[in-house]
Amino acid sequence: MSTGLPNGRNMWIRAFYGFDPELDGYVGWTNESGQARALRELNDGDLMMIYGAASGNTKKSMRSHILGFVEIEARPIRDHEKASEASLKAKRERGNSEKWTYGLPVSRAWRALDKMSIERIAPDTYDKDAGQGIGVWGRALTPDEIETALKINVTEVNVFGEEPVGESGLTNTPFKDEFFPSKAFPGSSGERTSTYTDGETFLYLAKFDGDGASLLGRAKAFGSKSVALKIGVSNDPASRSDQLNAGIPPAAKGRWRIELQAPFTDRKAAETAEQLFKDKSGKLESLGGEFFWGEIMDAILLFSSIPGVSRF
C-alpha cells in the first residue's frame, strides 16, 4: 500500500515533553542503547511523529496529542552538538543534564496544527499499557497509520543548527503535500496572439548524466544505481533539453539528457500522461514538482506503461 512517503522511508512515533525544534535540533535518548537501536533501524530521511508524553512535565493540553514531525539523519551525536545554549541551560536547571544526551540530528521539522490524539492516528502501534516503553524507545507506524498521519495540517518550522525555512516551506497544509508530486502545470491551448494552436506535444523522460547525488547534496550510497530524473511535456524536446542545461556551467561534467520521448496529439493529452506517470511513481522518490530520484529502468518501465506511449 502506498503511504505517500518516498520509497524506503519510514515513520516512527516518539513521546516528548514538548516540541521545540527551534531550540533542540536533535532527538535524544538517555541510554546509549536507545541511540544504537535507532541507528540500526532508521535511515537518513526517516521521520518521527512526536506526541506529548503522558507526564506531569508535559502541558496538559499536549498530553497524548500529536505535536509535530521531524526528519532525522542516521548518525550519532551528543546533545551539546545540536542544542541551543538556552535548551542546555534549562536541562541543567531541571536537573536533567544526564538525560537525552545520546542523539540523532534533526534536519527538518513540522509543527502539527490539528489537535489529534495519538490513539486516533496510531490505533494499532500505540499501546496505552506500553506507552512509556513506546515513548522512550519508539516504534514504527503501519502503512495505514502513516497514510492517516500525512493528513494532519502542518507548518514547517526552523530547526536549531539548520538553515532557516524558506518561502517554499509548508504553511497550514496537509503533511502529505511535502511528499506527493505536484500536479502537471496546465499549458495554454487554442488561439494565441501569434495565431498558434497547440499541436503535437511530447511526453519526455530526462536523466541527469553525472553525479546526481552531489547535485542533490546527498552522500553517494555504495552500489546505488539511482539517478536524478525529470518528467515533462514539450512541443520541442531538443530545445527543452537545451533549456534544462542552460544554467549548468560549460565546465561541469553533468548534463540533462532526454532519455525517452513519446508524441501525443495535443498538450492536454501529454499533460494527462505526465500526471499518470506521477500518480504511478511508487518506485521513485519524489524530489518535488517534475523531479524524481530512482533507478532508470524503473522509470523506463513506468514511462513505457503509460497509455499512448507504445507508439514511440
Side-chain angles (χ1 to χ4, degrees), residues 1-21 24-74 76 79 99-100 102-157 159 170 174-179:
M1 174 183 291
S2 174
T3 64
L5 290 177
N7 255 12
R9 283 200 181 190
N10 202 352
M11 185 185 291
W12 277 25
I13 54 173
R14 282 288 309 277
F16 287 179
Y17 293 153
F19 188 76
D20 298 296
D24 293 306
Y26 75 105
V27 291
W29 289 263
T30 299
N31 297 315
E32 191 173 6
S33 57
Q35 180 194 59
R37 176 175 177 263
L39 288 170
R40 286 195 303 271
E41 301 191 26
L42 292 171
N43 298 303
D44 286 343
D46 279 347
L47 303 166
M48 286 189 177
M49 181 171 70
I50 308 302
Y51 67 94
S55 164
N57 293 311
T58 309
K59 290 182 180 179
K60 192 171 183 180
S61 61
M62 293 182 174
R63 295 174 194 170
S64 300
H65 285 90
I66 308 303
L67 305 182
F69 301 85
V70 297
E71 179 183 87
I72 61 95
E73 296 177 42
D79 57 348
K99 292 185 177 180
W100 317 299
Y102 297 95
L104 269 60
V106 167
S107 55
R108 299 177 69 188
W110 299 263
R111 180 165 280 111
L113 304 181
D114 299 324
K115 189 171 184 178
M116 306 289 289
S117 69
I118 183 63
E119 292 96 336
R120 181 174 178 182
I121 301 299
D124 297 323
T125 300
Y126 179 75
D127 181 351
K128 192 172 183 179
D129 293 334
Q132 184 174 0
I134 295 172
V136 172
W137 290 95
R139 181 179 290 180
L141 295 176
T142 68
D144 283 338
E145 291 171 336
I146 293 174
E147 190 171 30
T148 302
L150 292 175
K151 296 177 182 178
I152 296 175
N153 284 321
V154 300
T155 290
E156 188 168 5
V157 297
V159 174
L170 296 184
F175 194 30
K176 66 181 181 181
D177 286 7
E178 182 66 43
F179 307 102

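Only a predicted model underlies this, so the values are computations on that prediction, with no experimental measurement involved.
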Interatomic distance, E145 atom CD to Y126 atom OH [nearest 0.5 angstrom]:
12.5 Å
Hey, could you give me the CG/NZ distance between L67 and K115, rounded to the nearest 0.5 Å?
10.5 Å
Using every non-hydrogen atom in the two residues, find where R63 and G56 come nearest and quote the distance to one decimal.
NH2-CA, 3.7 Å
After noting the C-alpha distance and the side-chain angles of F69 and I152, does the key distance pass the side-chain contact (heavy atoms from CB on, under 4.5 Å) rule?
CA-CA 10 Å; F69 301 85; I152 296 175; 4.0 Å; yes
Kindly give the heavy-atom pair with the smallest separation between W12 and A38, and that separation in Å.
CH2-CA, 4.3 Å
Less than 4.5 Å apart, any side-chain heavy atom of L150 and any of M11?
yes
Flag side-chain contact, heavy atom, 4.5 Å: I13 against L141:
yes
Quick check: do K59 and H65 have side-chain heavy atoms less than 4.5 Å from each other?
no
Quick one, V27 with V106, criterion side-chain contact (heavy atoms from CB on, under 4.5 Å). Give me CA distance, side-chain angles, the key distance, then yes/no.
CA-CA 7 Å; V27 291; V106 167; 4.0 Å; yes
Supply the atom-to-atom distance D144 CG to D124 CG, rounded to the nearest 0.5 angstrom.
7.5 Å
Checking I146, N153, L47, D114 against F175 for side-chain contact (heavy atoms from CB on, under 4.5 Å), the one that qualifies is L47
Heavy-atom pair of closest approach, residues A74 and I72
N-CD1, 4.0 Å
Is a donor on one side and an acceptor on the other found under 3.5 Å between the side chain of R108 and the backbone of E156?
no
If you round to the nearest 0.5 Å, how far is CD1 of I66 from OH of Y51?
8.5 Å
Search all heavy atoms of P76 against all heavy atoms of L39 and return the closest pair with its distance.
CB-CD1, 3.9 Å
R120 atom CZ, over 12 foreign heavy atoms within 6.0 Å
no
Sub-3.5 Å donor-acceptor pair from the side chain of Y26 to the main-chain atoms of W100, do we have one?
yes
Are E41 and D46 close enough that some pair of their side-chain heavy atoms sits under 4.5 Å apart?
no
Is the closest side-chain heavy-atom distance between V154 and E178 below 4.5 Å?
no
Looking at every non-hydrogen atom in both residues, tell me the closest pair between I50 and G18 and how far apart they are.
CG2-O, 4.5 Å
Going by the angle between their ring planes, with limits at 30° and 60°, are W110 and F179 parallel, tilted or perpendicular?
tilted
Looking at side-chain heavy atoms only, is the closest gap between V70 and F16 below 4.5 Å?
no
Keeping the roles fixed (side chain from S107, backbone from E71), state whether a donor-acceptor pair exists under 3.5 Å.
yes
Atom NZ in K151, atom CD1 in I121: separation rounded to 0.5 Å?
9.0 Å
Checking side-chain contact (heavy atoms from CB on, under 4.5 Å) for the pair E73/L104: CA distance, chi angles, key distance, verdict?
CA-CA 6 Å; E73 296 177 42; L104 269 60; over 6 Å; no
Which atoms form the tightest heavy-atom contact between P21 and V157, and what is the distance?
CG-CG2, 3.6 Å
Steps toward side-chain contact (heavy atoms from CB on, under 4.5 Å) verdict (I118, M49):
CA-CA 9 Å; I118 183 63; M49 181 171 70; 3.8 Å; yes
